[in-house]
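Below is one structure, written out as structure tokens, with a few remarks after it.
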Amino acid sequence: MRISIDTDRCIGSAQCAVSVPFVFEQDDDGFSTVIAGREDGAGHPMVREAVRACPVQAITLAETQEA
Amino acid sequence: MTDTLDAPKTLADGAEDAPAYPIQRKCPYQMPPGYEGLREKGPISRVTLWNGRVAWLVTGNELGRKLFPDARLSSDVLDPNFPLLAPRIEAQRQQAAAPPLVGVDDPVHARQRRMVLPSFGVRQVNALRPVIQQYADDLLDKMLAGGPGRTVDLLTEYALPMPSAVICQLLGVPYEDHHYFDERSRHVLSSSGPEQAAQAQQAFTEILAYLDDLISRKQAEPGDTLLDELIARQLEDGKVDRNELAMIATVLLVSGHETTSNMIALSTMALLAHPEQMEALRADESLMPRAVDELMRYASIGDMLMRVAKEDIEVEGHVIKAGDGVILSTMLMNRDAQSFEKADDLDIFRPSGRHVAFGYGIHQCIGQNLARAEMEIALATLLRRVPSLRLAVPADQVPVNAPFVLQGVSELPVTW
């Protein structure tokens with residue numbers, strides 16, 4: 001799984017950073033970013049909930065093939 | 001062609017069956033009478049507004065979550081077809097420019113939101129927590145100093161001044177002036193009764209004039225608050241004009257007052273009516289963030305969010321036509337049994353919700369992290385320090401706000 005955030009869509013509601021602070025954070029402009037090294041969601045079960053909580057659907061998950 | 005069951009319905013169909021809307025709440029945190037019927041008709045039905053106009057009412061959680069982010073639904077209050085819930089708002093609309101952030105669409109909205117966004121981030125809000133705690137303690141010190149047995153208005157003694165002080169601090173508004181805009185904020189968002197139609201507009205204009213003057217004072221003597229930053233980074237670079245900046249500051253100041261204060265008051269009432277859940281919270285403050293989330297869902301104080309369709313939208317066998325008014329009822333979306341088990345019950349142990357009490361889509365409340373922090377601290381401190389708190393009047397005698405404004409109470413008499 002690979003998480004990406006569409007920064008043009010992001011409105012900085014921080015729902016992702018609040019629900020999964022281990023994976024998402026906010027930059028100085030207030031927009032959400034994925035913490036470096038945790039683009040795979042680090043196996044966190046709440047990542048899918050963060051996708052759903054995003055009010056503008058700025059977060060997408062790409063399924064990646066397991067090796 | 002004859003009507004078929006499959007023909008999509010428009011506003012013209014069944015307008016005679018469209019009940020009057022909005023409806024006054026009897027209990028400030030419960031569904032008003034008539035909502036049960038609207039919920040049964042869901043996820044979308046028709047209602048009749050004060051001026052005889054029929055509008056769509058969205059009541060289903062899933063449908064609403066699809067429609068909130070739909071760019072074909074506009075928040076532009078200056079659009080002549082924008083649905084208005086009361087004559088008062090019509091008067092306001094004719095006089096004023098569109099309120100920044102809340103009454104405009106992208107790209108104007110995005111530009112304004114980006115300007116103020118950094119100040120409402122999680123880190124910035126967390127840095128404010130000790131300040132919020134101090135305000136909560138100071139206000140309770142004062143309230144409790146008179147001793148037990150007295151009746152006080154929790155709204156004016158605690159629930160209102162706390163968020164007022166916080167938003168003043170964040171914006172850089174001198175708190176010694178707070179009486180000036182505390183009262184006026186209430187008129188803007190929560191004044192009841194037809195005689196106050198003009199009062200709301202006047203209050204907004206007066207707060208705007210105050211902030212315009214404050215901008216001048218800050219230009220002469222800069223500080224390090226949000227307003228100072230906006231002056232330095234946006235106004236003086238010509239990215240925003242003075243009037244727009246004063247309007248943005250006014251919207252933030254007013255929104256920062258009434259919303260959280262009503263939620264603190266209604267949460268207190270709701271918890272007093274559910275003593276076992278209040279005890280659980282008192283025993284374990286770590287439950288507070290989830291409890292606040294549930295209280296937001298349960299009370300849904302910003303119940304009616306209005307939009308106007310810019311294009312035809314087909315949903316659930318209906319066609320929302322361009323120019324139709326659409327009202328998204330956050331309370332009905334939050335009390336949708338498809339999305340929430342025992343949706344009408346307060347349950348602070350409910351798993352993290354998918355409620356829309358802060359709205360959804362690009363206009364989702366920019367202050368929600370601040371609001372959550374304020375509510376968590378206000379409620380935890382109140383429960384901790386006033387264990388014998390109770391209402392001083394029967395719950396059904398607490399005065400409830402008019403239906404077309406922010407839901408809440410105009411006073412909350414308590415004793416301990």
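To find a chain, count down the sequence lines: A is the first, B the second, and so on, and within it residues start at 1. Just so you know, these numbers use all the heavy atoms, side chains as well, and skip hydrogens, waters and symmetry mates.
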Problem set entry | Separation of B:L117 CG from A:S13 OG (nearest 0.5 Å) | 9.0 Å
For this session: Decide yes or no for B:N369 and A:Q15: does some side-chain heavy atom of the first lie under 4.5 Å from some side-chain heavy atom of the second?
Result: yes
Problem set entry | Side-chain donor-acceptor contact under 3.5 Å, A:Q26 with B:Q124 | no
For this session: Using a cut-off of 6.0 Å, state whether more than 12 heavy atoms not belonging to B:D237 lie near its atom CG.
Result: yes
For this session: Heavy atoms only: give me the nearest B:R114-A:C10 pair and the separation to one decimal.
Result: NH2-O, 4.0 Å
Exercise. With B:H355, which residues qualify under ring-ring contact (aromatic ring centres under 6.0 Å, His included), at least two apart?
Worked result: none
Problem set entry | Inter-residue atom distance B:Q364.CD - A:I11.CD1, 0.5 Å rounding | 5.5 Å
Problem set entry | Short side-chain to backbone donor-acceptor contact, B:Y360 and A:V56, under 3.5 Å | no
Exercise. Would you find more than 12 non-hydrogen atoms of other residues, nucleotides or ligands less than 6.0 Å from B:Q338 atom CD?
Worked result: no
Exercise. For B:I366, is it the side chain, the backbone, both or neither that has a heavy atom under 4.5 Å from a heavy atom of chain A?
Worked result: neither
Exercise. More than 12 non-hydrogen atoms from neighbouring residues, nucleotides or ligands closer than 6.0 Å to CG on B:D224, yes or no?
Worked result: no
Problem set entry | B:R123 side chain reached by A:E25 side chain, heavy atoms, under 4.5 Å | no
For this session: Output yes when a side-chain donor or acceptor of B:R65 lies under 3.5 Å from a complementary backbone atom of A:R52, and no otherwise.
Result: yes
